[in-house]
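Inspection log for the structure reproduced underneath, given as structure tokens.
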Number of protein chains: 2
Amino acid sequence: MDIEKADTKERLLDAAERLFAERGVQETSVREITARAGANLAAVNYHFGSKDDLILAVIARRLGPLNEERLCLLDACEIPGSPLNLTLERALDSFIAPAIRLYLKHPYFMRLAGRIVFTADTQLRRLYITQFEKVYMKMRDLLAKLLPDLPKTELLWRIHFLLGAMINTHTNHADLYELSRGRCGIESVQRVADRLVAFCAAGFRAPVPTHNYPETGEWNDANASPTGGEG
Amino acid sequence: MDIEKADTKERLLDAAERLFAERGVQETSVREITARAGANLAAVNYHFGSKDDLILAVIARRLGPLNEERLCLLDACEIPGSPLNLTLERALDSFIAPAIRLYLKHPYFMRLAGRIVFTADTQLRRLYITQFEKVYMKMRDLLAKLLPDLPKTELLWRIHFLLGAMINTHTNHADLYELSRGRCGIESVQRVADRLVAFCAAGFRAPVPTHNYPETGEWNDANASPTGGEG
DNA sequence: GTCTATAACCTGATAGAC
DNA sequence: GTCTATCAGGTTATAGAC
């Protein structure tokens, strides 16, 4: 079997992934996608049903495996009886490193992923974030064990900071590359996970600013109202 | 003079700011903007010339003052002869606090600002980032003075992390609010600057991961080619 | 300044031939 | 499966009445 060219369906996914990352999801027309994939205008509707379904397929193709790897690595961190307070870096690395590796392999997708988190399209965001919730909760619980003295509210804020730092890293690295005149370039991205882990580990271990509020020990996941309002 | 209602031009800016933040720039039609502003469809073209010029006006109205305040506060940090190594928190606060304050006052704009940084629209991004460069360089130079032992490449990476953490904070705070079941809510956002400063200050002071590369002492701003390519 | 009507264009989706 | 042709609906921008 020759390598030749992939089938139309996969070529459409590749073309859409790249164009969505480069020009935006809403801003990319089906015509552009089919043109780049060397397919006919009707191909998207034939293979995927609609443009929306193509978007879902582009996301699902890579996001599922990414979060599976994270869950697997996070699980491996929980070795009973081991000195937990020494494994903060490992826990953070289990979450961060898979994303950096995927960025090296599929930079267009990871740029697209970051743009989706920061998009105003609530439907698309909701879909993406829903697939992320399991990883989030596992990491949150693991970090809570590793940092038992850190108030829960503070921990959640710091995870929020970590997420921003990581997403900016794999989405807008081109800015840093340009600003640094190539010194923070693609050849050093393999060390980015280490840098980001070091930065965030120190941040998580930082003393809590000033106040000291009463804290409950629960996440309140249980009594969650299904229709939680946004603030 | 009655408060009554602002003039059409300002009502258009307010409506556009909110709709751009909630639904996206490209996704918002002039029809929606004029409808919300209680103006006629032709009003945008009459007052601003085009939709693109309206976008510029929305950004310029608030971004200029924000960066002016940051420059002013960063300047105030440089007091000759003072113990510089104790003012890292103050330097970071000079950059972060104005953004958090603006988020409290105009949340729609700061959400829009974050979305623009993560948009695929290169023209819009370029415009936004250009207005940001002066603040960036001043903060970078100030941090370099405060952290003379930190390699320059490492410093640039850490500023990149800081930017992501801050932008995520004022753009996607609604997610954190929801995930925390209201515990990381709007009533505690006034303390967010302190939290973010503490997190990042610790990150900047963290030991450099492993390697130790030869470092030049310059930023290479001078011999910058005007058409720098993106990586 | 504000409005209506419309031009010129682009979009996603589809019917039907091959 | 792939193609052409086309539909129905949305977009920005503008000309011209008031």
> Closest approach of B/Trp219 and B/Lys152, non-hydrogen atoms and distance?
Replying inline: CH2-CD, 3.4 Å
>> Whole angstroms only, please: what is the CZ-C1' distance between A/Arg31 and C/dT14?
In response: 12 Å
> When all nucleic acid strands are considered with a 4.0 Å heavy-atom cut-off, which category describes B/Thr28: base, sugar-phosphate, or nothing?
Replying inline: sugar-phosphate
> Of all residues at least two apart in sequence or in a different chain, which pass the ring-ring contact (aromatic ring centres under 6.0 Å, His included) check with B/Phe109?
Replying inline: none
>> Can you pull out the residues from residues 49-60 of chain A that lie within a 4.0 Å heavy-atom distance of DNA chain C?
In response: A/Ser50, A/Lys51
> In whole angstrom, what separates B/Glu10's CD from C/dG1's P?
Replying inline: 15 Å
> Is a salt bridge present between A/Asp75 and A/Lys138, judged by a nitrogen-to-oxygen distance below 4.0 Å?
Replying inline: yes
> Looking only at side-chain N and O atoms, does A/Thr8 come under 4.0 Å of OP1 or OP2 in D/dT2?
Replying inline: yes
>> Looking only at the side chain of A/Leu41 (C-beta and beyond, no hydrogens), which of the listed nucleotides C/dT11, D/dT6, D/dT2 gets closest?
In response: D/dT6
> Between D/dT2, D/dA15, D/dA13, which nucleotide has the shortest distance from any of its atoms to the side chain of A/Tyr46?
Replying inline: D/dT2
>> Within residues 15-27 of chain B, which residues have any heavy atom lying less than 4.0 Å from an atom of DNA chain D?
In response: none
> Just how far, in rounded Å, is C1' of C/dG1 from NZ of B/Lys9?
Replying inline: 13 Å
> How close do A/Arg11 and A/Gly38 get, heavy atom to heavy atom, and via which atoms?
Replying inline: NH2-O, 3.6 Å
> Closest approach of B/Ala91 and B/Leu74, non-hydrogen atoms and distance?
Replying inline: O-CD2, 3.7 Å
>> In whole Å, I'd like the distance from the CG atom of A/Asn45 to the C1' atom of D/dC7.
In response: 14 Å
> What is the distance from atom CD of B/Glu17 to atom CZ of B/Arg111, rounded to the nearest 0.5 Å?
Replying inline: 11.0 Å
> Given C/dG12, C/dT14, C/dC3, which nucleotide is nearest the side-chain atoms of A/Ala42?
Replying inline: C/dT14
>> As an exercise, state the distance from CD1 of A/Ile55 to CG of A/Asp121, rounded to the nearest 0.5 Å.
In response: 7.5 Å
>> What I want to find out is whether B/Lys51 reaches B/Glu32 closely enough, with some N-O distance under 4.0 Å, to be called a salt bridge.
In response: no
> Using a cut-off of less than 4.0 Å, is there contact between a side-chain N or O of A/Asn40 and OP1 or OP2 of D/dT4?
Replying inline: yes
>> A cation-pi test, strictly: NZ or CZ of B/Arg115 under 6.0 Å from the centre of the six-membered ring of A/Phe118 and no more than 45 degrees from its axis. Yes or no?
In response: no
> Rounded to whole angstrom units, what separation is found between the CZ atom of A/Phe48 and the P atom of C/dG12?
Replying inline: 15 Å
> To the nearest angstrom, how far is A/Arg11 atom CZ from D/dG1 atom C1'?
Replying inline: 12 Å
> How long is the line joining CG of B/Leu12 and P of C/dG1, in whole Å?
Replying inline: 13 Å
